[in-house]
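Small disclaimer: the values here were computed from a predicted structure and weren't measured. No hydrogens, no waters, no symmetry mates; every other heavy atom, side chains included, goes into these values.
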Amino acid sequence: MGEIASSPRFGESPAGPLLLSLRLSATVEAVPRARHALRAVLAERVPRAPVDTLELLLSELVTNAVRHSTRGRTVAVAVLRRENSIRIAVVDDDGAALPEAGDAVDLLDEHGRGLLLVEAMAEEWGSYPVPDGKVVWCDVKTVE
């Protein structure tokens with residue numbers, strides 16, 4: 001699976017200190033495990049971070065990675081501190097298509113709102129392919 005830290009896109013500008021790095025089984029249990037680990041590290045290392053926003057966006061990105069993992073083995077999560085933001089990056093093994101936020105979502109659909117939330121709540125977000133899949137990331141502004 002592609003490594004987040006060694007990706008050329010992270011190398012284009014300083015990504016910042018790594019706060020959290022996880023490799024989780026691509027199952028529904030990955031989401032609460034990632035949220036719990038994020039909350040713990042933020043409480044210890046970034047006490048003024050917008051924890052609820054970061055948790056929600058992490059949940060959406062991990063849920064998408066689990067849902068779209070083609071081999072169903074693992075997803076990787078990295079949380080990095082940047083100058084004025086926290087970056088969440090999630091790697092899955094589905095490199096077939098890069099995600100896009102949908103324009104219209106049927107209110108009765110159970111799925112399809114995750115990237116709309118990411119787009120609305122993150123300062124910036126994006127995705128890029130890596131050799132064994134793709135990385136989807138978002139930045140959330142911090143209060144200093």
Side-chain angles (χ1 to χ4, degrees), residues 1-103 105 109-144:
M1 179 174 296
E3 291 299 320
I4 295 170
S6 65
S7 163
R9 293 277 168 85
F10 276 84
E12 289 171 5
S13 63
L18 185 65
L19 297 173
L20 177 66
S21 178
L22 300 170
R23 189 169 296 274
L24 302 163
S25 294
T27 64
V28 294
E29 289 84 18
V31 176
R33 287 183 182 157
R35 287 174 65 121
H36 178 75
L38 176 70
R39 186 169 285 275
V41 77
L42 291 177
E44 180 182 314
R45 303 207 31 213
V46 193
R48 297 187 61 178
V51 177
D52 292 340
T53 299
L54 288 161
E55 268 192 278
L56 175 61
L57 298 182
L58 174 72
S59 295
E60 295 301 335
L61 295 182
V62 172
T63 297
N64 283 348
V66 168
R67 181 171 290 123
H68 297 290
S69 178
T70 56
R71 293 181 220 132
R73 287 185 255 162
T74 62
V75 298
V77 175
V79 179
L80 303 107
R81 182 165 189 161
R82 305 188 77 201
E83 187 176 332
N84 297 311
S85 64
I86 301 290
R87 173 165 288 183
I88 298 169
V90 179
V91 180
D92 66 41
D93 62 11
D94 175 24
L98 296 178
E100 296 178 14
D103 290 329
V105 176
D109 282 347
E110 291 184 24
H111 308 291
R113 294 183 190 86
L115 287 177
L116 289 174
L117 284 171
V118 172
E119 186 171 61
M121 298 177 77
E123 184 74 18
E124 189 174 3
W125 79 279
S127 62
Y128 55 90
V130 291
D132 295 328
K134 69 177 176 297
V135 176
V136 182
W137 60 271
C138 67
D139 291 340
V140 176
K141 269 224 178 286
T142 55
V143 177
E144 296 298 328

Which pair of heavy atoms, one from [X] and one from [Y], lies closest together, and at what distance?
{"X": "L22", "Y": "A34", "answer": "CD1-CA, 3.9 Å"}
{"X": "T27", "Y": "V66", "answer": "O-CG2, 3.6 Å"}
{"X": "L61", "Y": "C138", "answer": "CD1-SG, 4.0 Å"}

Next on the checklist: R39: which residues meet the salt bridge (Lys or Arg N to Asp or Glu O under 4.0 Å) condition with it, sequence neighbours left out?
Outcome noted: D52, E55
Side chains of [X] and [Y]: closer than 4.5 Å at any heavy-atom pair?
{"X": "E123", "Y": "S85", "result": "no"}
{"X": "N84", "Y": "K141", "result": "yes"}
{"X": "L80", "Y": "L19", "result": "no"}
{"X": "V135", "Y": "S127", "result": "no"}
{"X": "D139", "Y": "I86", "result": "no"}
{"X": "E60", "Y": "L115", "result": "no"}
{"X": "Y128", "Y": "K134", "result": "no"}

Going by side chain to side chain donor-acceptor pair (under 3.5 Å), name the residues that satisfy it together with [X], two or more places apart in sequence or in a different chain.
{"X": "E124", "answer": "none"}
{"X": "N64", "answer": "none"}
{"X": "S59", "answer": "R35"}

Checklist entry - To the nearest 0.5 Å, how far apart are CZ in R33 and CG in L38? => result 16.0 Å
Next on the checklist: Rounded to the nearest 0.5 Å, what separates atom CG in L18 from atom CZ in R81?
Outcome noted: 13.5 Å
Checklist outcome for this item: Residue set satisfying side-chain contact (heavy atoms from CB on, under 4.5 Å) with A65, at least two apart, ordered chain then number -> V75, V90, D92
Checklist entry - Can you name the residues that form a side-chain contact (heavy atoms from CB on, under 4.5 Å) with T53, not counting sequence neighbours? => result P50, L57, M121, V140
Next on the checklist: Show, in sequence, the C-alpha distance, side-chain angles and deciding distance for V136 and W125, and conclude whether the side chain to side chain contact (heavy atoms under 4.5 Å, CB included) test is met.
Outcome noted: CA-CA 8 Å; V136 182; W125 79 279; 4.3 Å; yes
Item to check | side chain to side chain contact (heavy atoms under 4.5 Å, CB included) between T74 and L24, worked out | outcome: CA-CA 5 Å; T74 62; L24 302 163; over 6 Å; no
